[in-house]
Amino acid sequence: MKLKSILLASGAVLGTSFAASAQDMADSMTVVSWGGAYQNSQVQAYIEPYKEMNPGLEVVTDESSGEAVTKLRAMSEAGNVTWDLVDVTAADGMRLCDEGLAMQIDHDEMLAAAPDGTPASEDFGGSIVSDCFIPQIVFSTTFGYRTDMVDQKPESVCAIFDTETYPGQRALEKRPIGNLEWALICDGVAIDDVYDTLETEEGVERAFAKLDTIKDDTVWWSAGAETPQLLADGEVVMGSTYNGRLFSAIAEQDQPIGMLWDWQMFDLDGWIIPADLPADRLARVKDFVKFATDTQRLADQAKYISYGPARASSAPLVGKHAELGIEMAPHMPTDPANAKNTFLFNYNWWASYRDDLDSQFQAWLLE
Amino acid sequence: MMADTHVDENGLVLAADGTPLKQSLARALRAQKIRALLLIAPLLLFVTISFVLPIGEMLMRSVQNTAGTEYVPDLLPNVVEEVQEWDPASGEMPPEPVYRALAQDLATAFENRNHTQLGRRFNYESAGMSSIFRKSGRRVSNWDIETDGPFREKFLDIDEDWGDIEYWATIKANSGYYTTSYFLAAFDAQRTSEGIAMKDPDQRIYSKLMIRTIWLSFLITFCTFALGYPVAWLLADLPTKSANLLLILVLLPFWTSLLVRTSAWKILLQQQGVINDFWIALGFTERMSLINNQLGVVIAMTHILLPFMILPLYSVMKTIPPSYLRAAKSLGATNTVAFIRVYFPQTTPGIGAGSLLVFILAVGYFITPELVGGADGTFISNRIYYQFSSSGNWGLAAALGTIMLVVVLLLYYIYDKLVGVDNVKLG
């Protein structure tokens, strides 16, 4: 009798949990992102609200986006993809799409239209860089400097190469991307000629020669959080990092750091859905993505971090910081006042030359 | 004894039950061996399945010529066949049948979403190849192999780099199931038209990193020895009660997270850090660079690995009776002579064990060099990690890993020849 009642009870529990997953949607979802303030902005702006709309849903968050491509490759080789939604940069999104590891999507069918009825593909516009990529934000890699350690406010990105006016150490990312472009721009190469120049041996040598002038004064970072810390400690006078990290250090932690927007390097970040998900998990992800990338949600995300929403219709809705109450629009990399000189991280070009230039960069570091 | 065995007519010694004694003994021993084997079987199986097999499979990738999960010749079967007819030294573009074969193979590869993997594979050898494969996949899939030829012009139309003889030479050179190119790259060598040649000295990475890793590991091992030996001696010499307290102090950092210890060194050593502030307070004007260089790595890793030297030294010293030193002195030896001729030789098994432990751990270290190494203090493992997780070049990572494994085994062998591994004691 006792056993029978236990079986009946557990059957009832199973029955209700089955009913809860309405329309055959999985009641658990693994979302992969970058951790830190960025993942927090996603949790606040749409993961928590979505969970409130769907009681009983379990959202597992993972912070492996930095290794998304290799991990997805390994998972798909092993035949067991445990991720449901992955936040990646545009370049990684293109790689995963090309390799068939990410699902191709119809943007207009899967994503919500703008409030005025503009279809999603038009609203996202050029930020849809691949058939699998669901854009979320525009971010930039740019420079911050210690306001109390410089005699005059730097206006140009070339201040990093000017060790006379701005003595002290500087922080640069330990990879060629961005650094080679800035070196050439500051060596007098026009922005339109930068990648053509880098395709030649002389051009690469020229970029490294420019970097040579500050090699002894440079601290190389590999995690985006390092530069704000180095700036806060006074270890470096200026350094590159993601603009959202600098915003946190300046506005939220009140550090004496200034923002240098000149020749910031734009990049995009967005979702991809791993290919060949089981139907119930796919249904859940589709439902979530439609909600999480609508006009209001992307605008909401900007309350928590200073990255620009990838939808044109979200921009006018960007309001004030959730806790500090300051206007967020002037802190966006896409704000006209900040975006006078910019360039886009050239994914296609770097896809071809990254292996080669990275070896050259490492060899240069070892010299 | 005599009653249980007897000798038969052929001169064989027989056991009590009449079977030859040799056979009977072997049976008893076999049973013992099987029992022993069964006892270690769970561990053996576990180690084989979770350790030997995956590592073996990973190391195999250093010679397999794969793009994604498939072998290159399986993805480009027609091209591999046709391109054999073509000679890069002729200085001419490959003939039409090669391009036709490429159109066939690329269309299939695009269908299975393998074309960019192929591009990536060849891009490791010649920069720029990944983009022509990516660009061409979709276009080629729309062609009809029977009617749309000739294909050479069409490929050159997509990208004139399809006419690049260097690129085709790369495809031809990497068309087998197995490849040496990852090992060549790991030794800073490359295949040129005149055969295999080393890269220019200023382009070499891995040989430099390998030498640096081994040299710094030696230095760190020596530093842990120089700092750890007196501590271990003190520990062995003190009464048990105070020795235990000191031992806990040695072990305390051992139980603290590696990341915490490394970050703590960052705070201490950086230019605006505690030590430099103290230095300036003493009246010096120039701040020292103690971190983000090799010095920082040596300091932090010496600290982190110190317990691995102290513990084997301590347990060996503990077994040396104090009366030996007293006896030496009573026979007229000075303190120094007594130490050098009596005490020190007895501690060498501990030094050997500690040094082997520290050195082998140091050679594979990754987190600390990454965090405090800056540009000139990174180890080979940092590059292996990069190739695995960022660049995705698993073949090269596997080749570097294989070389590292061989180097460590070689050093172990040399150590065995010089000192003798039997002469290593953990306690």
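We name chains A, B, ... by the order of the sequence lines, and we start the count at 1 in each one. This is a predicted model, so every value here is computed, not measured.
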Interatomic distance, [X] atom [atom1] to [Y] atom [atom2] [nearest 0.5 angstrom]:
| X | Y | atom1 | atom2 | result |
| --- | --- | --- | --- | --- |
| A:Tyr353 | B:Ser130 | OH | OG | 9.0 Å |
| B:Ile205 | A:Glu367 | CD1 | CD | 10.5 Å |
| A:Trp220 | B:Thr378 | CH2 | OG1 | 12.0 Å |

So which heavy atom on [X] is nearest to which on [Y], and how close?
| X | Y | answer |
| --- | --- | --- |
| A:Ser352 | B:Asn123 | O-ND2, 2.9 Å |
| A:Lys174 | B:Gly374 | NZ-O, 3.1 Å |
| A:Asp233 | B:Gln270 | OD2-NE2, 3.0 Å |
| B:Arg383 | A:Asp358 | NH2-OD2, 2.9 Å |
| A:Thr70 | B:Gly392 | CG2-CA, 3.9 Å |
| A:Glu235 | B:Gln272 | OE2-N, 2.5 Å |

Does any backbone or side-chain atom of [X] lie under 4.5 Å from a heavy atom of chain B? Answer side chain, backbone, both or neither.
| X | result |
| --- | --- |
| A:Ala74 | both |
| A:Arg354 | side chain |
| A:Glu199 | neither |
| A:Val219 | side chain |
| A:Ser359 | both |

Within a strict 4.5 Å, meaning less than it, do heavy atoms of the [X] and [Y] side chains meet?
| X | Y | answer |
| --- | --- | --- |
| A:Glu99 | B:Arg113 | no |
| B:Thr116 | A:Arg95 | no |
| A:Asn348 | B:Lys135 | no |

At a 4.5 Å cut-off on heavy atoms, which part of B:Arg134 comes close to chain A: side chain, backbone, both, or neither?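 Only the side chain of B:Arg134 comes within 4.5 Å of chain A.
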Which answer fits B:Lys199, side chain, backbone, both or neither, if we ask what part of it has an atom under 4.5 Å from a heavy atom of chain A? neither
Does a sphere of radius 6.0 Å around CD in A:Glu77 hold more than 12 heavy atoms from other residues, nucleotides or ligands, not counting ones at 6.0 Å or beyond?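 Yes, CD of A:Glu77 has more than 12 neighbouring heavy atoms, counting only those of other groups under 6.0 Å.
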Using the rule given for side chain to side chain contact (heavy atoms under 4.5 Å, CB included), can you reason through B:Asn292 versus A:Gln169, listing the C-alpha separation, both sets of side-chain angles and the distance that settles it, and then say yes or no? CA-CA 12 Å; B:Asn292 295 322; A:Gln169 298 196 93; 5.8 Å; no
Charged N-O contact under 4.0 Å between A:Asp131 and B:Arg138: yes
Counting heavy-atom pairs closer than 4.5 Å to chain B, which one of A:Leu366, A:Thr218, A:Asp98, A:Leu365 comes out on top?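 Top count of heavy-atom pairs under 4.5 Å with chain B: A:Asp98.
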Step by step, would you call B:Ser391 with A:Asp355 a side chain to side chain contact (heavy atoms under 4.5 Å, CB included)? CA-CA 7 Å; B:Ser391 155; A:Asp355 290 323; 3.5 Å; yes
Among the options B:Gln387, B:Arg287, B:Gln271, pick out the one with the most heavy-atom pairs lying under 4.5 Å from chain A.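 Ranked by heavy-atom pairs under 4.5 Å with chain A, first place is B:Gln271.
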Winner by heavy-atom pair count (cut-off under 4.5 Å) against chain A, out of B:Tyr206, B:Tyr124, B:Tyr386: B:Tyr386
